[in-house]
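Worksheet: the structure to be examined is printed underneath.
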Amino acid sequence: MLDIQSLRNDLEGAANRLAARPFHLDAAAFQALEQERKLVQTRTQELQAARNSLAKRIGQAKGKGEDVSALMREAGEANAELQSMEAKLLQVQARLQDFLLLIPNLPHASVPPGRSAEDNAEVRRHGTPRQFDFAVKDHVDIGEGMGMLDFATATKISGARFSLMTGALARMHRALAQFMLEVHTQEHGYTEVYAPYLVNAASMRGTGQLPKFEEDLFAVPRGEEGKFYLIPTAEVPVTNIVRDEIVPLDRMPLKFVCHSPCFRSEAGSYGKDTRGMIRQHQFDKVELVQIVQPEKSYDSLEQLTGHAETILQRLELPYRVMALCAGDMGFSAAKTYDLEVWLPGQNAYREISSCSNFEAFQARRMQARFRNEKGKPELVHTLNGSALAVGRTLVAVMENYQNADGSVTVPAALRPHLGGLERIARGS
RNA sequence: GGAAAGGUGGCUGAGUGGUCGAAAGCGCCGGACUCGAAAUCCGGUGUACGGUUCUCCGUACCGUGGGUUCGAAUCCCACCCUUUCCGCCA
């Protein structure tokens with residue numbers, strides 16, 4: 001959510017920056033709402049002040065044993081208008097709130113202009129794609145060839161966009177998550193978190209999934225009309241740790257890492273990435289979350305992105321870092337770097353991590369604050385990034401480390417987490 | 001799922017219809033005392049919003065949402081949460 005004060009001060013400036021996404025800010029609608037709000041709020045507060053002073057006088061008069069019937073009548077008459085004004089005020093404020101909740105974040109000045117992924121800017125590259133002297137397979141053929149990846153059975157059990165892994169491949173999937181957690185907790189200073197996978201609507205609103213993106217979420221009914229939402233990323237429960245909290249200065253910054261399954265309905269992605277385990281309803285991810293002071297958040301974004309890159313470097317997977325253009329960024333982000341890993345099976349770089357600074361956009365929705373040097377509560381800045389998506393990392397390892405005989409070499413960094421195993425092949 | 005108790009400011013905790021945004025203590029900030037510190041004393045110390053604009057004024061907020069009333073932290077209803085006991089259970 002944007003700061004309503006900044007919209008009041010510079011509506012045109014905000015509209016211009018939003019146009020880069022592109023998002024059309026209806027300035028006239030905002031101004032009309034604001035004007036009405038001002039009118040109704042001022043009148044309501046006047047009436048409330050009048051009521052309060054009358055009530056006080058009645059109390060005082062009663063205390064002295066005086067007759068209060070005239071005062072009571074006066075108060076009763078004023079109440080009709082007050083009630084209708086209060087109702088009107090609630091309504092206007094709700095409309096204003098709804099309006100604000102649907103406005104995406106302002107892109108940071110350093111965000112490249114552009115409308116689609118083609119306009120994203122490559123920031124740097126790391127590693128060189130390996131040359132193969134045999135016909136490369138994609139992860140589906142490799143996994144099924146080893147008898148460890150079974151989409152047919154997953155479809156029987158659940159349906160499309162689910163996967164079933166067995167044996168050494170399932171073990172390697174687990175080892176990857178363990179490896180990532182170890183690096184982030186032992187070397188990068190993150191606190192490991194285990195968090196709920198089902199969350200309430202307030203949490204989804206806090207990080208920006210609601211109210212606009214309900215169709216992307218899975219939900220389960222709860223109670224009469226309530227529901228739990230399945231988390232689409234650990235960003236949701238972990239960032240919401242600080243919702244409605246005031247973090248003491250000496251605890252800042254907060255750095256959390258959380259391994260969790262993620263659930264996405266993938267509505268609107270029909271026909272996209274239908275083969276393999278690139279785009280699934282359920283996948284595992286190791287997520288980094290940082291809660292920082294505003295002036296430090298862009299340094300933190302560079303660091304956090306670097307932490308995610310470390311994993312790819314240790315696994316010796318070629319990748320590139322992309323600065324997303326305004327049009328390709330998510331709703332809540334002010335700036336996003338995507339990490340794209342090289343996939344020989346697709347002969348392309350594919351997204352494996354997304355690292356974003358949300359500035360105060362989520363914090364304002366969540367009322368997540370810290371106590372600054374002056375002792376005053378101030379909104380925090382929130383950041384998060386995948387480090388990494390476990391399923392896609394497994395895909396990258398399989399494709400980049402594949403051998404001519406259909407086996408897969410285990411990356412050196414991963415071997416300690418697999419009891420020294422150097423290679424997985426059919427039967428292992 | 002059943003029963004009971006309870007949710008008040010950074011913390012503890014008083015307050016059961018009217019000068020209550022809320023006692024008191026702790027904490028924190030400033031000052032006095034001191035060479036300095038501790039102790040002591042004095043003063044200050046919530047958040048959000050609006051108007052005005054650097055100075056005030058107003059409004060809202062005592063778990064959440066409704067209701068009663070001229071007036072609600074206080075009474076009524078519903079819900080949420082916490083604690084304890086019982087039941088069930090990975």
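No experiment lies behind these values; they were computed from the predicted model shown. Note: hydrogens, waters and symmetry copies are ignored here, and every other heavy atom, side chains too, is used. Reminder, nothing fancy here: chain letters follow the sequence lines and each chain counts from 1.
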Does A:His259 have any ring pair (Phe, Tyr, Trp, His ring centres under 6.0 Å) partners at least two apart in sequence or in another chain, and if so, which? none
Set of side-chain hydrogen bond (donor to acceptor under 3.5 Å, both in side chains) partners for A:Gln313, sequence neighbours left out: A:Tyr319
Which pairs, protein N/O on one side and nucleotides 47-54 of chain B N/O on the other, fall under 3.5 Å?
residue	atom	partner	partner atom	Å
B:U47	O3'	A:Arg369	NH1	3.3
B:C49	O2'	A:Gln41	NE2	3.1
B:G50	OP1	A:Arg8	NH1	2.1
B:G50	OP1	A:Arg8	NH2	2.7
B:G50	OP2	A:Gln5	NE2	3.1
B:G50	O4'	A:Gln41	NE2	3.2
B:G50	O3'	A:Arg37	NH2	3.3
B:G51	OP1	A:Lys38	NZ	3.4

Does A:Glu359 pair with A:Lys335 as a salt bridge, N-O distance under 4.0 Å? no
Stems in RNA chain B: runs of 3 or more consecutive Watson-Crick or G-U pairs, distances under 3.5 Å? B:1-7 with B:80-86, B:10-12 with B:24-26, B:27-32 with B:40-45, B:46-51 with B:56-61, B:63-67 with B:75-79
A:Arg243 atom CZ is separated from B:C80 atom C1', nearest whole Å, by 13 Å
Among residues two or more places apart or on two chains, list those pairs meeting salt bridge (charged side-chain N to carboxylate O under 4.0 Å, His left out) that have a residue in residues 260-275 of chain A. A:Asp138-A:Arg275, A:Asp141-A:Arg275, A:Glu266-A:Arg279, A:Asp273-A:Arg279, A:Asp273-A:Arg350
Whole-Å P distance, B:A73 and B:C62: 7 Å
Integer angstrom distance from the C1' of B:G9 to that of B:A5: 23 Å
On a whole-Å scale, what distance lies between the P atoms belonging to B:G63 and B:G13? 15 Å
May I ask you to decide whether A:Glu36 forms a salt bridge with A:Lys88, counting only side-chain N to carboxylate O separations under 4.0 Å? no
Within this structure, what is the CG-to-P distance between A:Asn200 and B:C80, rounded to whole angstrom? 13 Å
Whole-angstrom distance between B:U55 and B:C76, as gauged at atom C1': 44 Å
Please, which pairs that meet side-chain hydrogen bond (donor to acceptor under 3.5 Å, both in side chains) have at least one residue in residues 392-402 of chain A, sequence neighbours excluded? A:His139-A:Glu399
Summary of salt bridge (charged side-chain N to carboxylate O under 4.0 Å, His left out) pairs that have at least one residue in residues 21-35 of chain A, sequence neighbours excluded: A:Arg8-A:Glu34, A:Glu34-A:Arg37
Under a 4.0 Å heavy-atom criterion, the protein footprint on nucleotides 64-71 of chain B, written with B, S and -, is ------BS
Name all pairs fulfilling the salt bridge (charged side-chain N to carboxylate O under 4.0 Å, His left out) condition that reach into residues 183-200 of chain A, sequence neighbours left out, sorted by first residue then second. A:Glu187-A:Arg314
In whole Å, what separates the C1' atom of B:C20 from that of B:U34? 40 Å
Using the P atoms only, state how far B:C77 lies from B:A4, rounded to an integer number of Å. 14 Å
All ring pair (Phe, Tyr, Trp, His ring centres under 6.0 Å) counterparts of A:His281, not counting sequence neighbours: A:Phe162, A:Phe218
In whole angstrom, give me the gap between the P atoms of B:C56 and B:U45. 12 Å
Does any pair with a residue in residues 243-257 of chain A pass salt bridge (charged side-chain N to carboxylate O under 4.0 Å, His left out), and if so which ones, sequence neighbours excluded? none
Name the nucleic acid region contacted by A:Gln60, choosing base, sugar-phosphate or nothing; use a 4.0 angstrom heavy-atom cut-off, strictly under. base
Determine the Euclidean distance between corresponding C1' atoms of B:U68 and B:U83; express it in Å to zero decimal places. 31 Å
I'd like to check the salt bridge (charged side-chain N to carboxylate O under 4.0 Å, His left out) partners of A:Glu74; sequence neighbours left out, ordered by chain and number. none
